[in-house]
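Note sheet for the following structure.
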There are 2 protein chains.
Amino acid sequence: MNIKAVAKLANVSTATVSRTINGSPKVSPDTAARVRKAMETLNFVLNTNARALGSGRSNLLGLIISDITNPFFPELVKAFEDIAVSQGKEVLIANTDYDPDRTMHCVTRMLQRKVDGVAIMTSEISEHVISFFLKRKIPVVFLDTGEPAPGISRINIDYPAGVEMAMQYLTQLGHKDISFISGPLNLNSAKTRYQAFMESSAREHLSAKAEYVQEGNHRPDGGYRAMQRILALEQRPTAVLTSNDLTAIGAMGAIFEAGLRIPQDISIIGFDDIQLSAFTEPPLTTVRIPHKDVARVAIEALLGTQDPISKEPKDGAQYKIQPIFMPRRSAGPVPGEAHSFKRRRADRLHA
Amino acid sequence: MNIKAVAKLANVSTATVSRTINGSPKVSPDTAARVRKAMETLNFVLNTNARALGSGRSNLLGLIISDITNPFFPELVKAFEDIAVSQGKEVLIANTDYDPDRTMHCVTRMLQRKVDGVAIMTSEISEHVISFFLKRKIPVVFLDTGEPAPGISRINIDYPAGVEMAMQYLTQLGHKDISFISGPLNLNSAKTRYQAFMESSAREHLSAKAEYVQEGNHRPDGGYRAMQRILALEQRPTAVLTSNDLTAIGAMGAIFEAGLRIPQDISIIGFDDIQLSAFTEPPLTTVRIPHKDVARVAIEALLGTQDPISKEPKDGAQYKIQPIFMPRRSAGPVPGEAHSFKRRRADRLHA
DNA sequence: ATGGACGATGTAACCGAATTCACGCTATCT
DNA sequence: AGATAGCGTGAATTCGGTTACATCGTCCAT
């Protein structure tokens with residue numbers, strides 16, 4: 001069941017078999033046919049390990065994410081994988097669970113498997129780790145982190161713009177007291193969004209009380225608990241912005257349990273736009289991160305990143321991705337004021 | 001940056017380096033230390049491909065799922081990965097997207113990478129595919145499919161029991177007209193649940209009208225549309241059972257949009273118990289598939305499946321996993337009847 | 001003293017492909 | 001006819017580890 005057996009059966013050398021497998025043009029059509037038939041009858045399966053070893057190329061793209069349990073990531077993974085496969089690449093997924101030890105383990109795995117490139121979609125990677133890849137001339141693309149640096153492509157989601165859209169929407173609906181539920185603030189990604197909120201908040205001259213910002217954990221239970229704390233505040237905000245949809249959904253649970261209505265009593269806006277957000281009750285108004293674009297750009301950065309001639313990594317390109325505001329029904333006019341606010345009907349299916 | 005360089009620096013043979021890496025007991029402690037220091041200073045990273053090729057073992061466990069976008073699977077993946085890593089194995093994930101072509105592609109990937117075992121968590125694999133693994137003496141464990149066969153371990157979720165629990169719960173609340181939203185009925189997994197529903201329905205002598213069963217697609221939008229069809233029925237059912245939580249959440253959207261209340265006007269029960277189900281409004285009553293148990297048993301089956309002496313696969317063990325009924329708030333008494341039904345309060349956090 | 005057992009290490013074959021280089025054959029040009 | 005180019009093919013090397021087997025002391029029992 002190896003190339004040698006195929007070669008013997010087809011009465012050619014192993015080199016010819018290898019060439020046939022790889023679609024080399026310098027194999028005559030009938031030889032190729034003979035080889036293919038031999039592979040067929042032997043049920044031949046290529047050994048990827050041997051191929052990678054022999055050729056020095058693995059055909060693998062690494063994808064490091066923080067938490068596969070957060071629906072945003074599977075959606076991203078799927079998009080990434082679809083594109084990668086269409087380019088003849090495979091994907092190696094690793095998740096860090098926000099844990100530095102595990103992160104290091106993920107990086108090691110990528111290195112060990114000799115990936116052709118890595119997309120790092122978690123910001124919890126200390127910068128010095130990058131050098132591991134750079135030293136080996138492995139293209140890297142980062143989502144959403146840190147300073148520009150030579151040789152590193154970065155995809156930046158324009159969080160400030162996203163937050164601004166949400167804030168604009170809310171202020172236009174008359175909201176002045178807007179709360180924020182952040183992710184765990186020891187994470188860079190969470191800090192970025194938090195800062196965007198603070199800046200926008202200041203720009204709009206809103207009351208940015210310290211207790212208006214509560215820390216969640218990017219998961220529903222964190223949003224639930226954070227919202228409970230917010231609801232217990234003396235001066236309750238009329239709107240809440242959350243750092244991701246999961247948090248928002250958890251927060252909605254707490255709001256309902258307090259006997260309040262969304263959006264009549266309190267408005268809420270999420271971030272990410274996961275599939276389910278269109279199906280909550282009410283459907284969640286959110287800021288979509290266009291994950292397909294992210295995936296597309298990431299792969300483009302990875303595969304286009306090597307100068308085809310010198311094989312040296314090109315200088316890292318910087319990409320900026322614009323979030324898209326998705327008005328649904330969880331955010332409405334501030335209570336007690338008459339605003340024209342149209343309820344939308346069929347907004348669940350056409351996301 | 002290969003073993004040879006390390007060997008030279010540490011002044012030993014490559015064999016000794018290899019032994020050190022693999023923790024062989026027959027390396028003297030100080031030699032091992034010397035080798036390790038050499039690896040350190042050279043920033044040595046093992047080449048997994050070469051290792052796999054040389055040793056014939058890949059240390060990889062394959063995991064084939066149908067749709068990474070359905071939150072049930074990431075939860076399963078995570079559990080599986082956690083356990084695998086604790087056993088020193090890595091996980092290779094592949095998803096079929098319910099697509100036969102892609103399924104074949106997944107199987108090929110597993111074969112090519114020479115996995116040490118495969119957990120097939122999608123039922124959309126034609127039985128003949130198994131022979132690919134069996135022929136190569138690769139342990140296989142199936143979730144939830146087909147007939148017992150020698151050499152194949154199977155994990156069977158007791159769907160009939162799960163459906164029965166839900167049905168019992170509903171009938172005790174007075175429901176007689178119970179609808180079912182199935183998965184795509186061309187899939188085995190969906191058919192299994194559908195049949196369980198039909199049998200249970202018959203057992204309870206319920207009106208199993210044909211139009212009470214509507215086909216979804218395992219995703220929210222399918223549940224939404226299916227529910228719209230059900231709501232348009234002349235005699236509307238008072239309760240709906242769905243084939244998974246995603247479907248249930250979609251269906252809830254349709255119910256709310258029709259101006260109905262859950263559970264006062266209509267009860268709904270899901271299947272799976274994904275994280276989010278505790279945070280919908282109302283929290284979703286569902287039948288939990290204990291995914292951690294599934295993962296644990298799967299790995300146990302895979303790793304324990306080879307006779308340690310003969311290296312022949314042992315006869316496939318059969319495991320049965322009992323679902324767990326999770327009463328929350330989306331199912332209540334049949335409308336118009338007085339039933340004692342206690343609303344639960346803090347059921348979101350303690351899933 | 002001697003043979004054997006054992007522990008630590010080295011030597012070299014091997015895993016299954018990819019790839020370089022050489023070679024033979026045919027077709028074309030002068 | 002002889003030089004030349006090109007195409008299809010094969011032999012042999014290489015990739016980076018693992019591992020069976022060989023080697024060499026050392027220590028102990030006889």
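The figures here come from the full heavy-atom set of this structure, side chains too, leaving out hydrogens, waters and symmetry mates. Reminder, nothing fancy here: chain letters follow the sequence lines and each chain counts from 1.
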Contact under 4.0 Å: B:Ser28 side-chain N or O vs C:dT9 OP1/OP2: yes

Select base, sugar-phosphate, or nothing to describe what A:Ile21 touches, counting heavy atoms under 4.0 Å on all strands. nothing

Relative to each other, are the rings of B:His218 and B:Tyr98 parallel, tilted or perpendicular (30° and 60° limits)? tilted

Under a plain distance cut-off of 3.5 Å, with no hydrogens placed, do B:Asn43 and A:Arg136 share a side-chain donor-acceptor pair? no

Taking OP1 and OP2 of C:dA8, is either one under 4.0 Å from a side-chain nitrogen or oxygen of B:Thr31? no

Are A:Tyr319 and A:Arg296 packed together at the side-chain level, in the sense that at least one heavy-atom pair is separated by less than 4.5 angstrom? no

Contact class for B:Val6 (heavy atom, under 4.0 Å): base, sugar-phosphate, or nothing? nothing

Between A:Met39 (CE) and C:dA17 (P), how many Å, whole number? 11 Å

Starting at the 5' end of DNA chain C, which residue's closest nucleotide do you reach first, B:Pro29 or B:Leu53? B:Pro29

Per nearest nucleotide of DNA chain D, the residue lying toward the 5' end, B:Ala52 or B:Lys26, is B:Ala52

Just checking A:Ile3: base, sugar-phosphate only, or nothing, at a heavy-atom cut-off of under 4.0 Å? sugar-phosphate

Measure from CG on B:Asn22 to C1' on D:dG16 and round the result to the nearest Å. 13 Å

Which part of the nucleic acid, if any, lies within contact of B:Ser55, taking any heavy atom under 4.0 Å across all strands shown: a base, the sugar-phosphate backbone alone, or nothing? sugar-phosphate

Give a yes or no on whether a salt bridge exists between B:Asp30 and B:Arg34, defined as a side-chain N under 4.0 angstrom from a carboxylate O. no

D:dG8, OP1 or OP2 - any side-chain N/O from A:Arg34 closer than 4.0 Å? no

Please confirm whether the shortest side-chain N or O distance from A:Asn49 to OP1 or OP2 of C:dC15 is below 4.0 Å. no

Of the listed nucleotides C:dG10, D:dG17, C:dA17, the one nearest the side chain of B:Ser13: C:dG10

Heavy atoms only, 4.0 Å cut-off, all strands: where does A:Asn11 land among base, sugar-phosphate and nothing? sugar-phosphate

Any A:Asn2 side-chain N or O less than 4.0 Å from OP1/OP2 of C:dG16: yes

Please determine, for the side chain of A:Val12, which listed nucleotide (D:dA12, D:dG8, D:dG10) has the closest atom? D:dG10

First of B:Thr14 and A:Thr14 reached from the 5' end of DNA chain C, by closest nucleotide: B:Thr14

Please give, in whole Å, the distance from D:dT18 P to B:Lys114 NZ? 18 Å

Length of the line joining A:Lys8:NZ and D:dG10:P, which is rounded to integer Å: 15 Å

So, does B:Thr192 use its side chain to make a donor-acceptor pair with the main chain of B:Asn188 at under 3.5 Å? yes

Please confirm whether any donor atom in the side chain of B:Arg19 sits under 3.5 Å from an acceptor in the base of D:dG17, or the reverse. no

Would you mind telling me which of C:dG10, D:dG17, D:dT9 lies closest to the side-chain atoms of B:Ala15? C:dG10

Interatomic distance where CG belongs to B:Leu46 and C1' belongs to D:dT18 [whole Å]: 11 Å

When the distance from CE of A:Met1 to C1' of C:dC15 is rounded to whole Å, what number comes out? 14 Å

B:Asn47 side chain, from C-beta outward: closest of C:dT9, D:dG17, C:dA18: D:dG17

Do NZ/NE/NH1/NH2 and the carboxylate oxygens of B:Glu90 and B:Arg113 come within less than 4.0 Å? no

